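The block underneath contains the structure these notes are about, expressed in structure tokens.
In this text, all values refer to a predicted model and were calculated from it rather than measured experimentally.
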Amino acid sequence: MRQFYGVTLDNPLMLGTALYPSPAILADAFAQSKAAVATVSLRRESGQDKAGQEFWSMIRDLGVAILPNTAGCHTVKEAVTTAHMAREVFDTKWIKLEVIGHTDTLQPDVFGLVEAARILTEDGFQVFPYTTEDLVVADKLLNAGCEVLMPWGAPIGSGQGLNNILGLRTLRAHFEDVPLVVDAGIGLPSHAAQAMELGYDAVLLNTAVAKAGDPAQMARAMALAVEAGQLAAVADPMEPRDMAAPSTPVIGKAFLE
């Protein structure tokens with residue numbers, strides 16, 4: 001397993017904590033998924049003894065690493081401020097950095113993302129940037145101090161899967177030593193397996209599990225898919241061919257006249 005800012009995860013599945021029908025279902029889904037990381041929005045929390053403390057206690061009880069996010073932030077200032085607040089609440093240097101640039105697609109504002117990443121890394125944060133599969137943007141994020149990249153598979157919550165296989169494959173090939181996480185767009189276990197087959201180090205998903213008819217069952221399916229995809233990548237799968245190739249050798253075949 002690849003390290004994320006010096007931390008080796010037991011499982012390459014990262015799971016969000018929003019949209020679940022109930023806290024009990026959320027906890028059951030995490031148990032079935034065996035996810036190693038939970039992403040949490042600051043909006044689910046509050047200060048002192050106000051609403052939100054029970055939720056935070058439940059997240060702590062999951063026994064997984066916490067990755068706060070800046071979900072819903074549309075400006076550099078908003079993202080940086082939210083990150084600082086999250087560090088105080090969750091007591092972690094990790095931050096999933098989102099700077100949204102387009103309301104309908106929730107596509108990242110890559111210009112603001114790079115700027116915010118630089119500010120936060122200089123302030124001691126360990127940034128997990130939600131980005132696109134663009135190589136130039138990836139390089140600028142790494143130069144800004146990021147040690148992990150989280151390219152989207154498809155728009156957040158869309159369930160479309162991996163919309164740009166070539167781009168994701170190119171990103172993986174170009175940044176061989178950088179931990180890469182497919183974040184957003186995963187709708188089916190097959191999508192998660194495909195991401196891992198491409199050589200990605202983890203997948204992050206939320207809606208596909210939380211909004212399923214049976215979140216716990218879907219969480220288990222995602223866990224199995226991620227494991228299968230990871231094993232397939234390590235096994236060095238065959239390359240696709242343009243023509244058929246017989247699996248049974250023709251040498252030694254009897255010829256009848």
Find out if a path of hydrophobic residues (ILVMFWY) with successive side-chain heavy-atom gaps under 4.5 Å connects Leu97 to Val110. yes

Is a side-chain donor or acceptor of Thr121 paired with a backbone partner of Ala144 at a separation under 3.5 angstrom? yes

Would you check if the side chain of Asn69 reaches a backbone N or O of Glu98 as a donor-acceptor pair within less than 3.5 Å? no

Would you find more than 12 non-hydrogen atoms of other residues, nucleotides or ligands less than 6.0 Å from Asp61 atom CG? yes

Once ring-ring contact (aromatic ring centres under 6.0 Å, His included) is applied, do any residues pair with Phe128, and if so which ones, sequence neighbours excluded? Tyr5, Trp94

Within one Ile-Leu-Val-Met-Phe-Trp-Tyr cluster: Ile59 and Val7, side-chain cutoff 4.5 Å: yes

Show the nearest heavy-atom pair for residues Phe4 and Ala202, with the distance to one decimal. CZ-CB, 4.2 Å

Side chain proximity check, Met222 to Leu15, heavy atoms < 4.5 angstrom: no

Indicate the atoms forming the closest heavy-atom contact of Ala232 with Glu197, along with that distance. CB-CG, 4.0 Å

Given 3.5 Å as the limit, does a donor-acceptor pair link the side chain of Tyr200 with the main chain of Leu168, or not? yes

How long is the gap from CZ on Arg2 to CG on Leu180, to the nearest 0.5 Å? 7.0 Å

Does a side-chain N-to-carboxylate-O contact under 4.0 Å join Arg172 and Asp201? yes

Is the closest side-chain heavy-atom distance between Asn163 and Pro155 below 4.5 Å? yes

Any chance you could measure Thr207, atom OG1, to Ile156, atom CD1, to the nearest 0.5 Å? 8.5 Å

Please lay out, stage by stage, how Leu13 and Lys34 fare under the test side chain to side chain contact (heavy atoms under 4.5 Å, CB included). CA-CA 8 Å; Leu13 182 59; Lys34 297 181 173 59; over 6 Å; no

Shared hydrophobic cluster, Val40 / Ile25 (ILVMFWY, side-chain heavy atoms < 4.5 Å): yes

Here the pair of heavy atoms bringing Ala195 nearest to Val203 is CB-CG1, 3.6 Å

Closest non-hydrogen atom pair between Met150 and Leu204, with its separation: CE-CD1, 3.4 Å

If hydrophobic clusters are built by linking Ile, Leu, Val, Met, Phe, Trp and Tyr wherever their side-chain heavy atoms come under 4.5 Å apart, do Leu188 and Leu205 end up in the same one? no

Given Val99 and Phe111, is the side chain to side chain contact (heavy atoms under 4.5 Å, CB included) satisfied, shown in steps? CA-CA 9 Å; Val99 182; Phe111 304 101; over 6 Å; no

Is any side-chain heavy atom of Met218 closer than 4.5 Å to one of Ser33? no

Please evaluate residues Tyr20 and Val209 with respect to the criterion side chain to side chain contact (heavy atoms under 4.5 Å, CB included), reporting the C-alpha separation (whole Å), side-chain torsions for both, the decisive distance (0.1 Å), and the verdict. CA-CA 8 Å; Tyr20 289 86; Val209 169; 3.6 Å; yes

Counting N and O atoms only, with roles assigned by atom type, does the side chain of Thr17 sit under 3.5 Å from a partner on the main chain of Thr39, one being a donor and the other an acceptor? yes

Set of side-chain hydrogen bond (donor to acceptor under 3.5 Å, both in side chains) partners for His84, sequence neighbours left out: Asp123

In chain order, what residues pass the side-chain hydrogen bond (donor to acceptor under 3.5 Å, both in side chains) check against His174, with sequence neighbours excluded? none

Going through the distances and angles, do Leu162 and Leu198 end up as a side chain to side chain contact (heavy atoms under 4.5 Å, CB included)? CA-CA 11 Å; Leu162 309 185; Leu198 290 175; 4.0 Å; yes

If Ile, Leu, Val, Met, Phe, Trp and Tyr residues are connected whenever their side-chain heavy atoms lie under 4.5 Å apart, and connections chain through other members, are Val226 and Leu231 in the same group? no

Heavy atoms of Ser41 and Phe90 approach each other most closely as O-CZ, 4.3 Å

Checking Asp28 side chain against Ala24 main chain: does a donor-acceptor pair fall under 3.5 Å? no

Can you tell me how far apart CG (Leu113) and CG (Leu141) are? Round to the nearest 0.5 Å. 5.0 Å

I need the Trp152 CH2 to Asn164 CG distance, nearest 0.5 Å. 10.0 Å

Identify which one of Leu9, Val64, Asn11 satisfies the side-chain contact (heavy atoms from CB on, under 4.5 Å) criterion when paired with Val37. Leu9

Polar contact flag, side-chain donor to acceptor under 3.5 angstrom, Thr8-Gln3: yes

Val148 side chain near Val127 side chain, heavy-atom distance below 4.5 Å: no

Tell me whether the count of non-hydrogen atoms from other residues, nucleotides or ligands lying under 6.0 Å of CZ in Arg87 goes above 12. yes

Euclidean distance, Leu26 CG relative to Leu62 CG, rounded to 0.5 Å: 6.5 Å

Testing the basics here: between Pro215 and Ala212, what is the closest heavy-atom pair and its distance to 0.1 Å? CD-O, 3.5 Å

To the nearest 0.5 Å, how far apart are CG in Leu149 and CG in Asp183? 11.5 Å

